[in-house]
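Here is the structure we will look at, set down as structure tokens.
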Amino acid sequence: MAFPRPRPARPELPRRRVRTLECGQGAVRAVRFNVDGNYCLTCGSDKSLKLWNPHKGTALRTYQGHGYEVLDAAGSFDNSQLCSCGADKTVALWDVATGQVVRKYRGHAGKVNCVQFNEEATIIVSGSIDSTVRCWDCRSRRPDPVQVLDEAKDGISSVKVSDHEILSGSVDGRVRRYDLRAGQLYSDYIGSPITSVCFSKDGQCALAASLDSTLRLLDKETGELLGEYTGHRSTAYRLDCVLSEQDTHVGSASEDGNVYFWDLVEGSLALSLAVGRGVVQSLSFHPTLPCLLTATEGHVQLWREESFQPEGDAAT
């Protein structure tokens with residue numbers, strides 16, 4: 001007789017602060033895990049970009065080359081390159097090992113809020129306050145973008161890229177999804193300025209955060225509203241939203257110094273993390289573990305699940 005398999009353990013949420021990184025780069029504008037979650041990038045108001053091992057608390061390299069605040073960054077799939085963007089209106093492509101700028105892309109008419117690689121790291125997608133999304137070819141010497149998506153009526157606050165689509169959120173209150181295979185644009189009207197968008201891990205849904213202090217989960221194909229999540233405060237800042245590593249919870253930064261997590265299906269508040277006194281500027285959820293990075297003021301905090309045992313050293 002075959003015994004039934006034990007029920008999988010309920011996914012845990014990161015509740016324990018394990019480590020604090022003093023970044024030493026002014027205000028941390030964004031923190032981002034790399035593709036496998038072993039490293040992270042911090043974007044500073046002092047024009048610098050830093051690479052860390054957040055699990056050990058070690059700074060690995062500083063990247064200098066932006067002319068103004070760095071606002072977002074991302075790592076390539078093989079960890080050999082970084083891209084970043086900033087208030088100097090440029091997008092930069094970096095060699096991780098040498099710390100040098102490989103290429104700088106100028107073409108946006110205003111500060112560049114967000115940047116992503118495509119899956120093969122052959123294209124960089126950037127979104128700017130100038131209300132365009134631009135696609136830059138990493139392998140070409142051409143200074144101009146290979147494509148400009150200019151449908152938005154106001155600044156682009158957030159972009160995400162899947163294997164065949166680009167998701168963008170704009171201050172005009174719309175979430176736009178460009179299906180590159182079909183050559184189609186799908187637009188969903190939220191009504192309040194969008195601060196952050198992301199895909200669910202299963203690729204079926206899109207999560208959007210907006211300045212009416214609400215997160216909304218949309219069916220990607222139909223645009224149907226699947227869930228609304230409230231309780232945090234988001235009225236003025238460009239705050240991040242995230243999905244947990246198994247799509248069980250949605251999370252948001254907040255202007256009251258907390259991070260909030262809700263049960264994706266039930267919509268109920270599952271966790272409120274007291275991060276700091278100021279606005280939580282940025283969030284990044286680990287791709288495979290219940291592990292969260294939060295940025296507030298000049299430092300970044302690493303959070304893990306209750307049962308997590310740090311190797312050999314006490315929490316700082």
Side-chain angles (χ1 to χ4, degrees), residues 14 16-66 70-86 91-102 114-122 124-125 138 159-161 198 201 240 242-245 251 253 259 275 280-296 298-305 308-313 315-316:
R16 273 182 63 195
R17 189 173 72 214
V18 177
R19 197 175 291 284
T20 299
L21 310 176
E22 293 299 339
C23 297
Q25 49 185 155
V28 178
R29 294 298 181 213
V31 60
R32 302 285 179 246
F33 271 117
N34 74 325
V35 68
D36 56 18
N38 292 334
Y39 304 98
C40 76
L41 295 160
T42 55
C43 305
S45 65
D46 72 345
K47 316 177 194 175
S48 73
L49 177 65
K50 286 190 178 182
L51 177 67
W52 303 77
N53 180 332
H55 308 288
K56 292 185 174 161
T58 50
L60 302 172
R61 195 180 268 279
T62 301
Y63 300 85
Q64 300 275 9
H66 275 288
V70 186
L71 297 175
D72 197 14
S76 64
F77 72 98
D78 59 359
N79 294 325
S80 69
Q81 292 183 310
L82 309 173
C83 62
S84 63
C85 64
V91 174
L93 175 66
W94 307 80
D95 184 289
V96 168
T98 66
Q100 298 300 305
V101 175
V102 178
C114 44
V115 71
Q116 291 270 293
F117 278 112
N118 69 339
E119 278 201 342
E120 300 83 28
T122 53
I124 296 171
V125 179
C138 300
V159 293
K160 292 293 185 293
V161 182
C198 55
K201 301 282 187 301
D240 290 336
V242 293
L243 282 133
S244 63
E245 86 284 6
V259 171
V275 175
V280 181
Q281 287 277 350
S282 183
L283 293 183
S284 187
F285 210 100
H286 194 286
T288 55
L289 297 171
C291 175
L292 178 74
L293 290 172
T294 58
T296 178
H299 48 263
V300 165
Q301 295 169 338
L302 177 74
W303 304 77
R304 292 296 305 255
E305 69 276 21
F308 174 73
Q309 289 299 323
E311 291 174 21
D313 60 355
T316 52

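A 4.5 Å side-chain heavy-atom check between Leu289 and Arg304 finds at least one atom pair inside the cut-off. You'll find the side chain of Gln281 stays beyond 4.5 Å of the side chain of Val28, heavy atoms only.
When atom types are taken as modelled, the side chain of Asp72 and the backbone of Val115 share a donor-acceptor pair closer than 3.5 angstrom.
No more than 12 heavy atoms of other residues, nucleotides or ligands shown are found within 6.0 angstrom of OH on Tyr39. The number of heavy atoms from other shown groups lying within 6.0 Å of NZ (Lys160) is above 12.
Residue Leu293 holds its CG atom at 10.0 Å from OG1 of Thr42, rounded to the nearest 0.5 Å. Rounding to the nearest 0.5 Å gives a distance of 10.0 Å between OG1 of Thr122 and CD of Gln81. Distance check: Asn38 CG to His286 NE2 gives 6.0 Å after rounding to the nearest 0.5 Å. Taken from CZ in Phe285 to CG in Leu243, the straight-line distance is 9.5 Å, to the nearest 0.5 Å. Rounded to the nearest 0.5 angstrom, Leu93 CG and Ile124 CD1 are separated by 4.5 Å. Put simply, CD on Gln116 and SG on Cys83 are 7.5 Å apart, with the number rounded to the nearest 0.5 Å.
For the pair Pro287 and Glu245, the tightest heavy-atom approach, listed with the atom from each and the gap, is O-CB, 3.7 Å. Counting all heavy atoms, side chain and backbone alike, Leu41 lies closest to Ala73 at CD1-CB, 4.0 Å. Residue Ala121 comes nearest to Ser76 through the heavy atom pair CB-CB, 3.6 Å, listed as atom of the first residue, atom of the second, then distance. For the pair Pro14 and Trp303, the tightest heavy-atom approach, listed with the atom from each and the gap, is CB-O, 3.6 Å. Between Ala92 and His66, the shortest heavy-atom contact is CB-NE2, 3.9 Å. Across Arg16 and Phe308, no two heavy atoms sit closer than the pair NH1-O, 2.5 Å.
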- prompt: Can you check side chain to side chain contact (heavy atoms under 4.5 Å, CB included) on Leu21 and Leu302, steps first, answer last?
  reply: CA-CA 8 Å; Leu21 310 176; Leu302 177 74; over 6 Å; no

message: Determine whether Arg32 and Ser282 satisfy the following criterion, side chain to side chain contact (heavy atoms under 4.5 Å, CB included), listing intermediate values before the conclusion.
response: CA-CA 8 Å; Arg32 302 285 179 246; Ser282 183; 3.1 Å; yes

task: Evaluate the side chain to side chain contact (heavy atoms under 4.5 Å, CB included) criterion for residues Val101 and Tyr63: first the C-alpha distance (whole Å), next the side-chain angles of each, then the deciding distance (0.1 Å), finally the verdict.
output: CA-CA 8 Å; Val101 175; Tyr63 300 85; over 6 Å; no

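Screening Asp46, Val300, Val31 for a side chain to side chain contact (heavy atoms under 4.5 Å, CB included) involving Cys23 leaves a single residue, Val300.
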